[in-house]
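Only heavy atoms go into these numbers, but all of them, side chains included; no hydrogens, no water, no symmetry mates.
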Amino acid sequence: MPWFAAHAGKARMGGKLQPPHTATTVRLRGDAEPMITDGPFVEGKEVVSGFCEIDVEDLDEALRMVRTWPACPTVEIRPVETR
């Protein structure tokens with residue numbers, strides 16, 4: 001997938017996610033500005049179809065990356081659990 005090739009230095013897989021309340025959700029709407037909200041993508045029983053862990057400095061860098069995400073139109077950003 002070209003998106004992973006473009007972000008090869010930042011994208012990796014694996015890791016335990018922090019709770020849903022730590023999420024930032026980005027709703028991509030075609031050519032319109034993305035809608036960014038605090039909180040999880042869903043508050044129900046929907047199943048997450050997959051995830052990609054990215055190694056970025058901060059939320060702003062993650063937001064810049066997801067603007068070009070080619071898959072589903074909704075992306076949930078959540079910090080990784082640290083020990």
Side-chain angles (χ1 to χ4, degrees):
M1 175 182 269
W3 188 90
F4 284 99
H7 299 287
K10 301 278 180 186
R12 60 183 191 203
M13 298 301 290
K16 180 180 177 188
L17 298 177
Q18 290 186 11
H21 74 273
T22 66
T24 299
T25 299
V26 180
R27 288 177 174 79
L28 305 174
R29 304 177 294 166
D31 292 338
E33 194 67 19
M35 183 171 43
I36 301 168
T37 56
D38 290 335
F41 163 53
V42 294
E43 292 183 15
K45 296 181 181 180
E46 285 82 355
V47 176
V48 174
S49 61
F51 77 97
C52 175
E53 182 180 321
I54 57 175
D55 184 15
V56 294
E57 289 296 317
D58 53 27
L59 180 58
D60 290 334
E61 186 177 357
L63 291 170
R64 286 191 295 276
M65 284 180 70
V66 302
R67 287 177 183 270
T68 61
W69 180 245
C72 61
T74 302
V75 177
E76 181 176 295
I77 299 170
R78 196 184 303 180
V80 174
E81 188 72 39
T82 59
R83 292 181 182 204

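V56 places none of its side-chain heavy atoms less than 4.5 Å from the side chain of R64.
The shortest non-hydrogen separation linking R67 to L28 is CA-CD2, 4.2 Å. Of all heavy-atom pairs spanning A23 and E76, the tightest one is CB-CG, 3.5 Å. The two residues A62 and I54 make their nearest non-hydrogen contact at CB-CD1, 3.9 Å.
Clustering ILVMFWY residues whenever any of their side-chain heavy atoms sit less than 4.5 angstrom apart, transitively, puts L59 in a cluster other than the one holding M35.
Applying side-chain contact (heavy atoms from CB on, under 4.5 Å) to T24 and the options V75, T37, I36, V66 leaves one that passes, I36.
To the nearest 0.5 Å, the span separating NZ on K10 from CE on M65 amounts to 7.5 Å. Summarising the geometry, atom CG belonging to D38 is positioned 10.5 Å from atom CD1 belonging to I77; distances are rounded to the nearest 0.5 Å.
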